[in-house]
Amino acid sequence: MTASDAVTLDAERVIGTYTRVPVVFVRGSGTCLYDVDGKEYLDFLTGLAVVSLGHSHPVVADAIADQARTLMHVSNLYYNTLQPRLAARLDALVGGGGRVFFANSGAEANECAIKLVRRYGQLNGGHDRFHVVTALGSFHGRTLATLAATGQPEKHEAFQPLPDGFRHVALGDIGALEAALDGRVCAVMLEPLLGEGGVHPLPDGYLEAVRALCDEREVVLVVDEVQTGFGRTGEWFGFQHADVRPDVVTMAKALGNGMPIGACWARDEVADAFRPGSHGSTFGGQPLASRAALAVLDVMEAEAVPERARVSGARLAAALAGLDGVAGVRGAGLLLAAELDSDLDARVVTAASLELGLIVNAVTPTAIRLAPPLLVSDDELDAAIEILAAAITEVRA
Ligand SMILES: Cc1ncc(COP(=O)(O)O)c(C=O)c1O
């Protein structure tokens, strides 16, 4: 199939919910992607922070192939040997003392969290205790409840009425949060670093202050680690940069390195709010996805990915900061945004980079997001910087 055949058929038969970039990929290996014409690209977006071990990692690919030939799926009406092992591994990474529900995406992991905290809130505080407070600028997913949780009112307009019970406060404003936490609030839900909202880290001390306030008001703290989880920011989870323990942690993206899987961890007392029948998922935690995730965690632990993200992230951030055309760099580990000089449009620079063989995206009209594989080499980092510099020069010329 040619690139133009694929684009034409896609336009005819796929519902157009994305403004796609006109490139058609057919293969990936490590940090590289290849299009239908054989052109090579450095992938510094990793399918939106998903392919953290690089494309087609052999250990993960072998585990998936072996499991596909052994047992792909049994219903959650029965046990399998892989789901509980994965749950135990995730519990240990988060800090212990909790249990996990498995889903298939980030939105579903958050949907589970929202249902769980509502149930917990109502059991402990009465019928009206179901409100969830999130940050303005946050992103939590595209299902109706996670869209309502997402603090971007412009995304809500077309889908009213959305589920009731969500409030949004300015990020970093602890006074605003304090004012929002009345007796009807059951939970605060936060990303430890706004990903889709522009790669904005939380202000120093904010998460600790939120935790203290949640304790005082007996409100559950949910941390959405869908984009930041599994070493991306230089710790296993973004919240681990702060001195806090959340009550609920949601995850997805990098957990499967491309295999769709999501997970919602909750400390035991909160998890107890669910009973058989409270929630479910046909595919969640099935053998194929769980085996892939176990292989991902094996490689991540063997490769010490948080440490690698810290070291490579520091190198990439320093190189970006030195680029002509970059006004500032923000983020953590290997989840970075380069804020461009005011004469540059991030979409135009991103398109020029793609032409030159580097995949990044315009996370805002003025900032470029970089999220390469956590196993990225120094040579690849240097090559990406060279391409970005050339793209900026070309755009300015
Ligand atoms: C922080 C965060 N939460 C939730 C989601 C939704 O995840 P999914 O697209 O897998 O439903 C995303 C997706 O980008 C995200 O970044």
Side-chain angles (χ1 to χ4, degrees), residues 15 17-20 45-52 94 101-117 132-152 155-156 159 162 166 168 171 187-202 207 221-233 235-241 246 248-265 281 283-285 289 292-293 296 330-337 360-364 367 369-371:
I15 295 179
T17 56
Y18 284 89
T19 309
R20 294 201 208 279
L45 191 60
T46 50
L48 293 168
V50 167
V51 191
S52 281
V94 170
F101 175 86
F102 287 103
N104 313 287
S105 67
E108 282 179 68
N110 284 337
E111 190 81 24
C112 170
I114 292 164
K115 283 179 72 177
L116 181 64
V117 298
V132 176
V133 180
T134 71
L136 282 167
S138 62
F139 184 81
H140 297 292
R142 297 283 195 166
T143 62
L144 286 175
T146 59
L147 180 61
T150 290
Q152 301 184 42
K155 287 192 166 70
H156 297 171
F159 298 99
L162 289 174
F166 294 91
H168 310 289
L171 192 70
V188 173
M189 178 153 110
L190 288 174
E191 295 163 81
L193 175 157
L194 291 196
E196 296 308 298
V199 188
H200 290 284
L202 300 183
L207 207 51
L221 176 59
V222 182
V223 176
D224 177 347
E225 295 275 0
V226 168
Q227 185 154 157
T228 46
F230 303 103
R232 174 64 53 194
T233 67
E235 296 284 352
W236 280 106
F237 293 100
F239 76 81
Q240 290 166 341
H241 291 277
V248 178
V249 179
T250 59
M251 357 174 168
K253 290 193 186 270
L255 176 56
N257 207 54
M259 174 66 73
I261 181 167
C264 173
W265 173 93
S281 165
F283 293 124
V296 167
R330 57 179 183 261
L334 280 173
L335 183 53
L336 296 173
V360 289
N361 91 317
V363 71
T364 71
R369 170 171 45 184
L370 299 99

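Both counts, for ligands and for their atoms, begin at 1 and track the order of listing. What you are looking at is a predicted structure, and each value in this text was computed from that prediction instead of being measured.
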Q: Output, in order, the C-alpha distance, side-chain angles, deciding distance and verdict of side chain to side chain contact (heavy atoms under 4.5 Å, CB included) for Leu147 and Gln152.
A: CA-CA 8 Å; Leu147 180 61; Gln152 301 184 42; over 6 Å; no
Q: Using distance alone, with no hydrogens and no angle criterion, decide if Thr134 and His168 have a side-chain donor and acceptor under 3.5 Å apart.
A: yes
(Q) One pair to check against side chain to side chain contact (heavy atoms under 4.5 Å, CB included): Asn110 and Met189. What are the steps and the verdict? (A) CA-CA 9 Å; Asn110 284 337; Met189 178 153 110; 4.2 Å; yes
Q.
Distance under 4.0 Å, heavy atoms only, partner ligand 1: which residues pass?
A. Ser105, Gly106, Ala107, Asn110, Phe139, His140, Gly141, Glu191, Glu196, Asp224, Val226, Gln227, Lys253
Q. Between Thr233 and His241, is any side-chain donor less than 3.5 angstrom from a side-chain acceptor?
A. yes
Q | Test item: Thr150 side-chain N/O and His140 main-chain N/O as donor-acceptor pair under 3.5 Å | A | yes
Q.
Using the rule given for side chain to side chain contact (heavy atoms under 4.5 Å, CB included), can you reason through Asn257 versus Val51, listing the C-alpha separation, both sets of side-chain angles and the distance that settles it, and then say yes or no?
A. CA-CA 4 Å; Asn257 207 54; Val51 191; 3.9 Å; yes
